[in-house]
Amino acid sequence: MAQNDTVTRILDTAEVLFAERGFAETSLRTITSKAKVNLAAVNYHFGSKKSLIQAVFARYLDPFTERFHGALDDLERRYQGQAIPLEELLETMARCVLEVPAERNSLKVFMRLLGLAYSQAQGHLRRYIQQEYGSVFTRFTELIRQATPELPDAERFWRLHFMLGTVIFTLSGLDALRDIAENDYDEHITVRDLVRRLRPVVVAAMQAPLPAPAPAPASAREA
């Protein structure tokens, strides 16, 4: 087996198993068994499970980051220093997300891996993603800030994470949603149809009125 074929086989197998089972629950022995390679091959090409996890993310995030930076460059040239509308920013992010998995495995796998990065990410993975890809997410967050000047920073933080959680949950459950739409509503949904329906929901969530302040505790009111 050629060296590149071995690396590809290991990565293809690892990303599917990680997405299905999680990082801690997926052993290198399980990966090598499914990939039909020996443990020495994983150690030779990646050195450790930690490095293999990082390499799986790099396959998606390297092309995504390159595309997203380029797309944001185009938007900034078009708007020439003016705030880019929220809808344009979210549409651009969605387009870049949809383009990347066509080169790899599937959108579902990509979204499940992103979900795991939030829920199961060990310290090394958080540090790796921040170090290697933090610049594009920082840039996007700043453009979102310019598009939503009415939001306090803390409120914007929460809404961005609610939005990302909604997107990841929806797209990682793509197969189940398609089955429900077809069986219960006789609708045949493509990925782009789903994104088209999701877009106004996340835009509305980012633009919703600020929540009312929480009432003061009774003890404070009586003081």
Query raised in the report: If you take all heavy atoms of R156 and P149, which pair is closest and at what distance?
Result: NH2-CA, 4.2 Å
Query raised in the report: Can you find a side-chain donor-acceptor pair between D5 and T8 that sits under 3.5 Å?
Result: no
Report task. Report yes if the side chains of T30 and R21 come closer than 4.5 Å at any heavy-atom pair, otherwise no. Result -> yes
Requested in this report: Please list, chain by chain and in numerical order, all residues satisfying ring-ring contact (aromatic ring centres under 6.0 Å, His included) with H69, sequence neighbours excluded.
Outcome: none
Query raised in the report: Roughly how far, to the nearest 0.5 Å, is CD of Q130 from CG of L125?
Result: 11.5 Å
**Report entry** Beyond-backbone contact of T170 with V167, side-chain heavy atoms, under 4.5 angstrom
**Finding:** no
**Report entry** Heavy-atom closest pair, residues Q207 and L86
**Finding:** CG-CD2, 3.8 Å
Report summary line: Per ring-ring contact (aromatic ring centres under 6.0 Å, His included), Y60 is matched among F18, F110, Y133 by F110
Query raised in the report: So, do L210 and P152 sit near enough that their side-chain heavy atoms are less than 4.5 Å apart?
Result: yes
**Report entry** Pair E182 + R178: basic N to acidic O under 4.0 Å
**Finding:** no
Report task. For F57 and D62, run side-chain contact (heavy atoms from CB on, under 4.5 Å): C-alpha distance rounded to whole Å, both residues' side-chain angles, the deciding distance at 0.1 Å, then the answer. Result -> CA-CA 8 Å; F57 275 86; D62 282 354; over 6 Å; no
Query raised in the report: Are E91 and R196 within salt-bridge range, i.e. N to O under 4.0 Å?
Result: no
Query raised in the report: Hey, does the side chain of K49 reach the backbone of T26 with a donor-acceptor pair shorter than 3.5 angstrom?
Result: yes
**Report entry** W158-V202 co-clustered via ILVMFWY side chain contacts under 4.5 Å
**Finding:** no
Query raised in the report: With distance as the sole criterion, is a donor-acceptor pair present between the side chains of T138 and S135 under 3.5 Å?
Result: no
Query raised in the report: Looking at R112 and E15, does any basic side-chain N land under 4.0 Å from a carboxylate oxygen?
Result: no
Query raised in the report: How far does CG of L17 sit from CZ of F23, to the nearest 0.5 angstrom?
Result: 12.0 Å
Query raised in the report: Which atom pair, heavy atoms only, marks the closest approach of T13 to K34?
Result: CG2-CB, 3.4 Å
Query raised in the report: Does a side-chain heavy-atom distance below 4.5 Å link D193 with H188?
Result: no
Report task. Indicate yes or no: does R9 engage D12 in a salt bridge with an N to O separation below 4.0 Å. Result -> no
Report summary line: What one should report as the nearest heavy-atom pair of R159 and A205 is NH1-O, 3.3 Å
Query raised in the report: Can you tell me how far the OG1 atom of T92 sits from the CD1 atom of I84, to the nearest 0.5 Å?
Result: 7.5 Å
Query raised in the report: Can the ring centroids of F68 and F140 be said to lie less than 6.0 angstrom from one another?
Result: yes
**Report entry** Check: S48 main-chain N/O paired with S51 side-chain donor or acceptor under 3.5 Å
**Finding:** no
Query raised in the report: Under 3.5 Å, side chain of S33 to main-chain N/O of R29, donor-acceptor pair present?
Result: no
**Report entry** Residues, nucleotides or ligands: over 12 heavy atoms within 6.0 Å of E66 CD
**Finding:** no
Query - Reported OG1-to-CG distance for the pair T190 and L194, which is rounded to 0.5 angstrom - result: 8.0 Å
Query - Which residues share a salt bridge (charged side-chain N to carboxylate O under 4.0 Å, His left out) with R78, sequence neighbours left out - result: E88
Query - D179: salt bridge (charged side-chain N to carboxylate O under 4.0 Å, His left out) partners, not counting sequence neighbours - result: none
Requested in this report: Kindly determine whether L52 and I31 satisfy side-chain contact (heavy atoms from CB on, under 4.5 Å), including the steps that lead there.
Outcome: CA-CA 11 Å; L52 176 57; I31 293 169; 3.9 Å; yes
Query raised in the report: What distance do S27 atom OG and L39 atom CG have between them, rounded to the nearest 0.5 Å?
Result: 9.5 Å
Requested in this report: Give the cluster check for F169 versus L171: same hydrophobic cluster or not, with ILVMFWY residues linked at side-chain heavy-atom distances below 4.5 Å.
Outcome: no
Report task. Decide yes or no on salt bridge (charged side-chain N to carboxylate O under 4.0 Å, His left out) for K108 and E20, but give the supporting numbers first. Result -> CA-CA 10 Å; K108 177 178 66 177; E20 289 177 349; over 6 Å; no
**Report entry** Under-4.0 Å salt bridge between E87 and R199
**Finding:** no
Query - Side chain proximity check, L160 to M206, heavy atoms < 4.5 angstrom - result: yes
Report task. Indicate if V201 and I189 have the same hydrophobic cluster label, given that clusters are the connected sets of ILVMFWY residues with side-chain heavy-atom separations under 4.5 angstrom. Result -> no
Query - Nearest heavy atoms of A147 and E150, plus distance in Å - result: O-OE1, 4.5 Å
Query raised in the report: Going only through I, L, V, M, F, W and Y residues with side-chain contacts under 4.5 Å, is there a path from L89 to F162?
Result: no
Report task. Give a yes or no on whether a salt bridge exists between R145 and E142, defined as a side-chain N under 4.0 angstrom from a carboxylate O. Result -> yes
**Report entry** ILVMFWY network linking M163 to L177, side-chain heavy atoms under 4.5 angstrom
**Finding:** yes
Requested in this report: Please report the closest heavy-atom contact between P63 and A58, naming both atoms and the distance.
Outcome: CD-O, 3.8 Å
Requested in this report: Enter the distance from I144:CD1 to F137:CZ here, rounded to the nearest 0.5 Å.
Outcome: 12.5 Å
